Amino acid sequence: MRLIFLGPPGAGKGTQAQILEQRFGAKQVSTGDILRENRKQGTELGQLAESYMNSGALVPDEVIIKMIEAELAKLSSGFIMDGFPRTVAQAEAFDALLDEHGIALDAVVLFNADRETLVTRLTARWTNPRTGRTYNSVTNPPRTAGMDDEDGGPLVQRDDDKPETVAKRLDVYDTQTAPLVDYYRRGGKLVEIDALAPVADVTAQLETKVGARAAR
Ligand code: ADP
Ligand code: AMP
């Protein structure tokens, strides 16, 4: 299974990538999680990314492309790209990389959701920084507030999930990432799903619409 999850912040890409990873063994590659881990470790990459992430802007393309090249080299089976590519330049570079490795994508999944829902979801998101697993204080609360159901670890609210940064990130999606919808539609790879449905329904849509393609 080789997929790209495309869609605005808060659409549920990470939630579904983690479910499909457990079910089908395709590895979730979240560029946001990789960058956050680098910031935690204080690496050069993490320091470089910090100001962009805090303001809700995108990290420069060349930095992200180098990062993905390194990730792709580590992948032996399938993948789910979660939050990458986010610009046409990243998509073109990724196409070239896939060609080089003789890898074909099964599908690019577009998560459709409206802005109001996205703002509500992001401002209520709670994340386990160790695993990237997310909860939602409104739609999907943990059994004990502030604590991960699986590993008991503390849940935090991401700095960039503050309302003013959320607004900026959604604007950045509209201007810099949304053009990828046409890019992949032209390539005949785009599959659209209704991301407003409950988590289990979204998973069912993915299994029906993407499972068939991946099995080909
Ligand atoms: P993304 O990775 O696209 O930014 P997440 O998967 O982190 O989005 O989801 C954003 C927030 O919305 C999280 O708090 C998550 O628990 C919640 N969420 C995800 N999918 C759904 C859904 N289908 N219905 C309601 N809430 C959802
Ligand atoms: P995410 O966890 O996907 O919401 O990403 C959090 C932040 O990391 C974004 O707001 C960007 O600053 C940065 N980021 C993650 N992925 C990318 C990418 N593919 N290109 C540029 N910046 C990215």
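The model shown is predicted, which means the values in this text are computed figures rather than measured ones. When reading the values below, keep in mind they use all heavy atoms of this one structure, side chains included, and skip hydrogens, waters and symmetry mates.
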Can you list the steps and then say if Q22 with Q18 is a side-chain hydrogen bond (donor to acceptor under 3.5 Å, both in side chains)? CA-CA 6 Å; Q22 282 185 351; Q18 296 214 337; over 6 Å; no
Out of curiosity, [X] [atom1] to [Y] [atom2], how far, rounded to the nearest 0.5 Å?
X    : Y    : atom1 : atom2 : result
K162 : R169 : NZ    : CZ    : 11.0 Å
T203 : L20  : OG1   : CG    : 6.5 Å
D148 : R143 : CG    : CZ    : 9.0 Å
L35  : S30  : CG    : OG    : 8.0 Å
S55  : E164 : OG    : CD    : 12.0 Å
K40  : E37  : NZ    : CD    : 4.5 Å

Can you confirm whether E44 is buried at CD, in the sense that more than 12 heavy atoms of other residues, nucleotides or ligands lie under 6.0 Å from that atom? no
For the pair [X] (side chain) and [Y] (backbone), establish whether a donor and an acceptor sit closer than 3.5 Å, ignoring hydrogens and angles.
X    : Y    : result
T144 : M147 : no
Y183 : A178 : no
T165 : D160 : no
Q16  : G12  : no
R121 : A11  : yes
E21  : K27  : no
K13  : P8   : yes
N112 : D194 : no
T31  : G83  : yes
D161 : Q157 : no

Check against side-chain contact (heavy atoms from CB on, under 4.5 Å), V172 and L58: CA-CA 8 Å; V172 165; L58 295 184; 3.6 Å; yes
Can you get from [X] to [Y] by hopping between Ile, Leu, Val, Met, Phe, Trp and Tyr side chains that sit under 4.5 Å apart?
X    : Y    : result
V138 : V199 : no
L75  : V108 : yes
I19  : L196 : no
I103 : L105 : yes
I34  : Y52  : yes

N54 vs R39, side-chain hydrogen bond (donor to acceptor under 3.5 Å, both in side chains): CA-CA, chis, key distance, verdict: CA-CA 11 Å; N54 282 341; R39 286 177 59 180; 3.3 Å; yes
Shortest non-hydrogen contact between [X] and [Y], atoms and distance:
X    : Y    : result
P179 : V88  : CB-CG2, 4.2 Å
P85  : T177 : O-CG2, 4.3 Å
I65  : A93  : CD1-CB, 3.5 Å
A145 : P142 : CA-CG, 4.2 Å
A197 : V202 : O-CG2, 3.4 Å
D151 : G153 : OD1-N, 2.8 Å

M1/L3 under side-chain contact (heavy atoms from CB on, under 4.5 Å): CA gap, chis, key distance, verdict: CA-CA 6 Å; M1 181 175 271; L3 303 174; 3.7 Å; yes
Going through the checks in order, is the side-chain contact (heavy atoms from CB on, under 4.5 Å) test met by M67 and L45? CA-CA 9 Å; M67 214 172 89; L45 169 62; 3.8 Å; yes
Begin from the C-alpha positions of E69 and K66 and carry the test salt bridge (charged side-chain N to carboxylate O under 4.0 Å, His left out) through to its verdict. CA-CA 5 Å; E69 268 185 85; K66 229 189 263 169; over 6 Å; no
Using a strict cut-off of less than 4.0 Å between a Lys/Arg side-chain nitrogen and an Asp/Glu carboxylate oxygen, indicate whether [X] and [Y] qualify as a salt bridge.
X    : Y    : result
D33  : R36  : yes
D174 : R115 : yes
R133 : E150 : yes
D106 : R2   : no

State, yes or no, whether a side-chain contact exists between [X] and [Y] at a heavy-atom distance under 4.5 Å.
X    : Y    : result
I68  : M81  : yes
P9   : L118 : no
Q205 : V109 : no
L6   : F111 : no

Pick one: which of F5, F79, F94 meets ring-ring contact (aromatic ring centres under 6.0 Å, His included) with F84? F94
Write out all pairs satisfying salt bridge (Lys or Arg N to Asp or Glu O under 4.0 Å) with one or both partners inside residues 175-185, taking only residues at least two apart or from two chains. D182-R185, R185-E192
When you look at Y135 and L155, which way does the side-chain contact (heavy atoms from CB on, under 4.5 Å) test go after all the steps? CA-CA 8 Å; Y135 294 84; L155 302 175; 3.7 Å; yes
